Peer 1: 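Input: one structure, supplied below.
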Amino acid sequence: MDSGNQSTVKMFFLSGFSQSLELQVCFFVLFLVLYFITLSGNILIMASVYMDSRLHSPMYFLLGNLSVLDIFYSTVTIPKMLSNVITNSKAITFNQCMSQLFFLHMFGGTDCFLLTLMAYDRYVAICNPLRYHTIMNHTFCWGMVASTWLAGFLHSFTQAFLTYQLPFCGPNTINHFFCDVHPLAVLACSDTSFIDMFIIANSGMISLVCFVILLMSYIGIINTVLKMNSTERRFKAFSTCASHLMVVTFFFGPCIYIYLRPPINYSADKLISVFYTVLTPLLNPIIYTFRNQEMKSALKKILRETVLRGLKNKNSN
């Protein structure tokens with residue numbers, strides 16, 4: 001790939017959140033704890049969906065895939081940020097930066113499409129329950145999940161390819177805690193009008209269009225729920241969808257703000273980026289666990305069996 005890029009800059013420096021050592025240590029502890037909770041929570045969801053036969057349904061199949069994505073997505077940015085504090089070095093090579101950008105957009109783009117698919121799943125389950133298992137069958141679910149990964153890859157490849165072609169020959173300090181298209185485009189020593197428009201047309205429009213489709217799905221769901229005679233059924237339907245809406249809002253809101261505008265670095269961008277790179281993968285297991293009775297029962301069952309198995313092994317020794 002080196003022959004395709006004429007940049008003289010071979011190393012970038014990530015500015016991070018602060019130059020103060022005390023604040024860096026505080027951020028290190030905070031993000032380390034958040035990352036541990038993210039990994040633990042999403043692994044528990046994956047284990048629950050796999051081990052509990054009651055969760056072998058399309059909704060939980062999609063939720064398990066979302067947990068896999070959240071682990072990958074948070075791992076793209078947080079470990080590098082933590083290692084920078086430990087090593088007291090904010091350097092990242094050109095190729096490492098491009099790789100981080102590629103995987104950030106691949107997992108983020110796939111997340112967008114998967115959340116939209118999850119909204120469709122809820123729409124069919126509530127608005128067309130008699131045909132739910134016919135429509136959301138095993139083959140369809142696997143095919144749609146594979147399609148979200150393919151779409152995420154194609155989206156990311158175009159972003160990374162165009163960014164890789166930009167020449168970098170001057171400043172090499174990225175005003176962010178990870179490599180992204182906007183902060184890099186600002187450092188390019190050439191006209192970036194085309195890539196600026198492409199980012200808006202690609203990342204921005206993908207986020208906006210997916211969000212609009214989600215809203216349309218939930219308008220249809222709300223309209224159907226309000227027509228239900230049973231108060232209990234209405235409450236269960238709203239409770240199921242509320243958790244999804246919370247995740248969607250935290251993810252799509254910041255993404256639309258960041259990518260549906262020209263690449264201008266605002267001081268608030270780093271904090272806003274935390275919402276969709278750190279908090280959303282963290283909130284996924286928390287929201288889906290505490291707002292879902294079936295998931296809570298499955299987690300309790302797994303934890304109980306794990307404790308009993310541990311006690312049995314201890315007594316046998």
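Note that the structure is predicted; figures quoted are calculated from it, not measured. The figures that follow rest on heavy atoms only: side chains count, while hydrogens, waters and symmetry mates do not.
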Peer 1: I need the full list of salt bridge (charged side-chain N to carboxylate O under 4.0 Å, His left out) pairs touching residues 60-82, with sequence neighbours left out, sorted by first then second residue.
Peer 2: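 Not a single pair qualifies under salt bridge (charged side-chain N to carboxylate O under 4.0 Å, His left out).
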
Peer 1: Which pair of heavy atoms, one from Leu62 and one from Met118, lies closest together, and at what distance?
Peer 2: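 So the two residues come closest at CB-CG, 3.8 Å.
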
Peer 1: Is the closest side-chain heavy-atom distance between Leu184 and Phe168 below 4.5 Å?
Peer 2: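 Answer yes - side chains close enough.
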
Peer 1: Check side chain to side chain contact (heavy atoms under 4.5 Å, CB included) between Val225 and all other residues, then give those that pass, not counting sequence neighbours.
Peer 2: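 Val225 satisfies side chain to side chain contact (heavy atoms under 4.5 Å, CB included) with Ile126, Ile221, Met228, Arg234, Ala237, Phe238 only.
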
Peer 1: Can you tell me how the ring of Phe17 sits relative to the ring of Phe177, calling it parallel under 30°, perpendicular over 60° and tilted otherwise?
Peer 2: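 It falls in the parallel class, under 30°.
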
Peer 1: Tell me which one of Phe178, Tyr259, Tyr73, Phe153 satisfies ring-ring contact (aromatic ring centres under 6.0 Å, His included) with His105.
Peer 2: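 The ring-ring contact (aromatic ring centres under 6.0 Å, His included) with His105 is passed solely by Tyr259 among Phe178, Tyr259, Tyr73, Phe153.
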
Peer 1: Table please: side-chain donor-acceptor pairs of residues 22-29 below 3.5 Å, with sequence neighbours left out.
Peer 2:
| unit_1 | atom_1 | unit_2 | atom_2 | d |
| --- | --- | --- | --- | --- |
| Glu22 | OE1 | Ser20 | OG | 3.1 |
| Gln24 | NE2 | Ser18 | O | 3.3 |
| Gln24 | NE2 | Gln19 | O | 3.4 |

Peer 1: Do any pairs count as a salt bridge (charged side-chain N to carboxylate O under 4.0 Å, His left out) and have a residue in residues 35-64, sequence neighbours left out, and if so which ones?
Peer 2: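 Every salt bridge (charged side-chain N to carboxylate O under 4.0 Å, His left out) pair that includes a residue of residues 35-64, provided the two are not neighbours, is Asp52-Arg54.
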
Peer 1: Check whether any side-chain N or O of Asn42 sits under 3.5 Å from a backbone N or O of Thr38 as a donor-acceptor pair, and report yes or no.
Peer 2: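 Answer holds: yes.
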
Peer 1: Among all residues two or more places apart in sequence or in another chain, which pass the ring pair (Phe, Tyr, Trp, His ring centres under 6.0 Å) test with Tyr132?
Peer 2: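 If we apply the ring pair (Phe, Tyr, Trp, His ring centres under 6.0 Å) test to Tyr132, skipping adjacent residues, there are no hits.
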
Peer 1: Check Cys97 against Cys179 for me: are their SG atoms closer than 2.5 Å?
Peer 2: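 The answer is yes, since Cys97 and Cys179 bring their SG atoms under 2.5 Å apart.
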
Peer 1: With respect to the side-chain SG atoms, do Cys189 and Cys169 come within less than 2.5 Å?
Peer 2: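 Bridged: Cys189 to Cys169.
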
Peer 1: Who pairs with Phe250 by ring pair (Phe, Tyr, Trp, His ring centres under 6.0 Å), at least two apart in sequence or on another chain?
Peer 2: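 So Phe250 forms a ring pair (Phe, Tyr, Trp, His ring centres under 6.0 Å) with Phe275.
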
